[in-house]
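First comes the structure, then the notes that go with it.
Reckoned from all heavy atoms, side chains included, excluding hydrogens, waters and symmetry mates. Nothing fancy with the numbering, it's 1 onward along the sequence.
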Amino acid sequence: MDRTFQVDLRGVVDLLSHHLYASPRVYLRELLQNAVDAVTARRAADPDAPAGITIDSTGGTLTVTDTGIGLTEEQVHELLATIGRSSKRDELGFARHEFLGQFGIGLLSAFLVADEVTVTTRSATGAPAVEWVGRADGTYRFGPAERAEPGTTVTLSARPGAESWLAGPTVVELAALYGSMLPFPVTALGQRVAGDGPPWRQDQRPAGERLADLVGYAQDTLGFTPFDVVELDVPQAGLTGVAYVLPFQANPAERAGHRVYLKRMLLTESADGLLPGWAFFARCVIDAAELRPTASREALYDDSLLAETREALGAQLRGWLVGLAATDPARLARFLGIHHLGVKALALHDDDMLALVDEWLPLETNMGRMTLGEFRARHGRIRYTTTAEDFRQLAAVASAQGLAVVNGGYTYDTEIIGRLPALDADLVVQRLEPSDVMTRLSPLDPAEELALRPFLSTAQRALDRLGCEVVLRAFDPPTLSVLYLLDRDAAFQSELKATRAKADQLWAGVLAAFEKPAEDRPQLVLNHRNPLVRRVCALTDPAMVALAVEALYGQALLLGYHPIRPADAALLNRSFLGLLDSAVPKEDTP
């Protein structure tokens, strides 16, 4: 035998308030939506019908009155007293995309702040006025009412503890928040809070006044004066709006909150996923007719249409950037000074943005700051370092040897340099290796090197336990005493050994399978043109040679920002104390 589900309305209201809606404040949004739908329906049948919504609140009682189409007795039973039924709603004419919500669900949200809801309504069809009184316990009563004009009035009385939600200032604030862009008058406690539509509407305003309205909206609502305003239009989503370019640097890791209206009613102040991830330099305010809201109507449903919209909005922002490069280079330079990270992120997968970065965004090189385009024009191939530490260590010596190098150690720079052949197929892009620098360093005169062989042997014995090779070269600048050169393979093997030392026996055995002797050891290159290094080379005491070379090794690690292993730290400590002990007279020394 079939039975009908029984619905506990109090349980449904508890579900709404604690799990669906973020806050009871949505009750006014839902009542506004119902009123907007009613006005829209009446205007569709009679374009000359009055359009307006009035909200009043006194003594803990709230009324929302509209000049909409009203309801007949049959519609009251179908729309107000039935939860979740959509078929009758569709038959009665409320299924078209112009409408915002469902009367039943929308009215149900009123029980978040009230135990009783009264609806007095008269249909524009001429049917008599009726009154419906619903209670939070799931019961309702119905009867005739007095109302002269078509429309609906919803009356709420605050339940104990919810009085603040129906207080006058709160009601005005919520009405302005949710309904400020509605295209017909909305009055809350005598204050007009809507009626002009969005600031980007197309009307008779001069262009300068319209732009001033858009900027003023950002100042008043978002709290900043935008760097620029980009108008948005995505017809397939029924979307119009603006993207405000931030006048300050944004954090790419933070989720950008966009202000989204659905058919002129505020959906959320913090929508994410509306723009591509690289466009974190913009905040959007948009109105959409076709994007789907989630069940709570407080976020956008992530479907294929939202994905298409996101791609279209990204294309429009990219077009604005390309246009800025063509029409106002000085302004583009100011923009890049603020938002270079966003543009570089886009350049990773967009050739137009890659060309823009190549031409306009200056990078750090050892020949001064310049764009990649300027660097290519002057030096042909592009040599780069992958870390800022490598650049700091090698920039001066590479420059002295005639090697131009780009610092690719900042965010996205190495990836962008690697993509440059997409713009110029003949371009040679080459990572600067220690061997490139080493081949440019001048060897010593054979006779001089032969004379220093005892020193080199002593120095090598001091660093053998650290797996480092000592080399003597003569190079500029003379102020640079020492270099620590470590190629990629040697660096990997060094990290592997360090990890094995810290790992347990099982994991260490797994890592051992990847370990192999490096073809080249790290090199400590002593600069014989440096006065201090020449004095060290002249030492004859093996103990002093070891201490001096160990100290130079430690300095090279520190100057190159290389990681300090426990053995390196012990060596630094020992060489420092040893040299200090030799320099400071003993107590019994006159």
Side-chain angles (χ1 to χ4, degrees), residues 385-398 409 432-435 437-438 441 452 455-473 475 479-505 507-508 511-512 514-528 530 532-533 535-537 539 541-584:
T385 63
T386 57
T387 68
E389 289 76 15
D390 283 349
F391 180 81
R392 292 190 191 103
Q393 183 185 19
L394 299 176
V397 67
L432 183 67
E433 297 289 352
S435 57
V437 177
M438 194 64 184
L441 304 183
L452 291 174
F455 165 79
L456 279 174
S457 298
T458 304
Q460 186 61 63
R461 285 194 298 271
L463 295 188
D464 270 340
R465 62 183 178 278
L466 298 173
C468 183
E469 179 184 2
V470 181
V471 181
L472 264 174
R473 291 289 186 271
F475 55 88
T479 53
L480 183 63
S481 60
V482 64
L483 279 175
Y484 182 77
L485 300 181
L486 180 68
D487 67 16
R488 276 181 283 183
D489 184 57
F492 173 75
Q493 292 300 324
S494 177
E495 291 178 8
L496 192 62
K497 288 179 181 178
T499 305
R500 279 191 63 196
K502 298 177 182 178
D504 58 36
Q505 186 175 2
W507 183 236
L511 294 177
F514 298 94
E515 190 172 333
K516 62 180 182 179
E519 294 182 3
D520 296 308
R521 294 190 296 172
Q523 292 180 315
L524 184 71
V525 185
L526 304 180
N527 185 5
H528 198 254
N530 180 268
L532 176 62
V533 170
R535 288 162 56 196
V536 170
C537 292
L539 294 173
D541 182 354
M544 290 301 298
V545 169
L547 288 176
V549 171
E550 288 173 350
L552 289 172
Y553 172 84
Q555 183 195 28
L557 291 182
L558 294 174
L559 290 178
Y561 297 88
H562 296 286
I564 304 296
R565 300 169 298 175
D568 299 328
L571 176 144
L572 279 168
N573 185 58
R574 182 175 61 253
S575 62
F576 172 75
L577 292 178
L579 291 174
L580 188 63
D581 181 65
S582 299
V584 177

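- In terms of heavy-atom proximity, A459 sits nearest to V549 at CB-CG2, 3.6 Å.
- When side chains are defined from C-beta on, F475 counts as touching V525, because their heavy atoms get closer than 4.5 Å.
- Residues C468 and Q460 come closest through the heavy atom pair O-NE2, 2.8 Å.
- Applying the side chain to side chain contact (heavy atoms under 4.5 Å, CB included) rule to H528 yields the partners L444, E448, L452, L472, R534, C537; only residues at least two apart in sequence or on another chain are considered.
- Shortest non-hydrogen contact noted between P522 and G467 is CD-O, 3.3 Å.
- When the side chain to side chain contact (heavy atoms under 4.5 Å, CB included) test is applied to A388, the partners found at least two apart in sequence or on another chain are R392, N407.
- Scanning all heavy atoms of the two residues, the minimum distance from V482 to L552 falls at CG1-O, 3.7 Å.
- L394 is listed as a side-chain neighbour of L485, based on a closest heavy-atom distance under 4.5 Å.
- To the nearest 0.5 Å, atoms CG (L571) and CD1 (I564) are separated by 9.5 Å.
- Nearest approach of N527 to V533, heavy atoms of both residues: O-CB, 3.3 Å.
- A 4.5 Å side-chain heavy-atom check between Q393 and L483 finds at least one atom pair inside the cut-off.
- Of the inter-residue distances, the one linking L557 atom CG with L572 atom CG reads 6.5 Å to the nearest 0.5 angstrom.
- Atom CG of L480 and atom CG of L526 lie 10.5 Å apart (nearest 0.5 Å).
- Side-chain contact between L441 and V397: present, with at least one pair of heavy atoms (C-beta onward) separated by less than 4.5 Å.
- Shown here are the salt bridge (charged side-chain N to carboxylate O under 4.0 Å, His left out) partners of D464, two or more places apart in sequence or in another chain: R521.
- Within the 4.5 Å cutoff, side-chain heavy atoms of F455 are placed close to those of V536.
- With sequence neighbours excluded, the residues satisfying side chain to side chain contact (heavy atoms under 4.5 Å, CB included) with A551 are S575, L579.
- Among residues at least two apart or in separate chains, side chain to side chain donor-acceptor pair (under 3.5 Å) pairs with a member in residues 546-556 are R465-E550, S481-Q555, E550-R574, Y553-R565, Y553-D568.
- Shown here are the side chain to side chain contact (heavy atoms under 4.5 Å, CB included) partners of T387, two or more places apart in sequence or in another chain: E389, D390.
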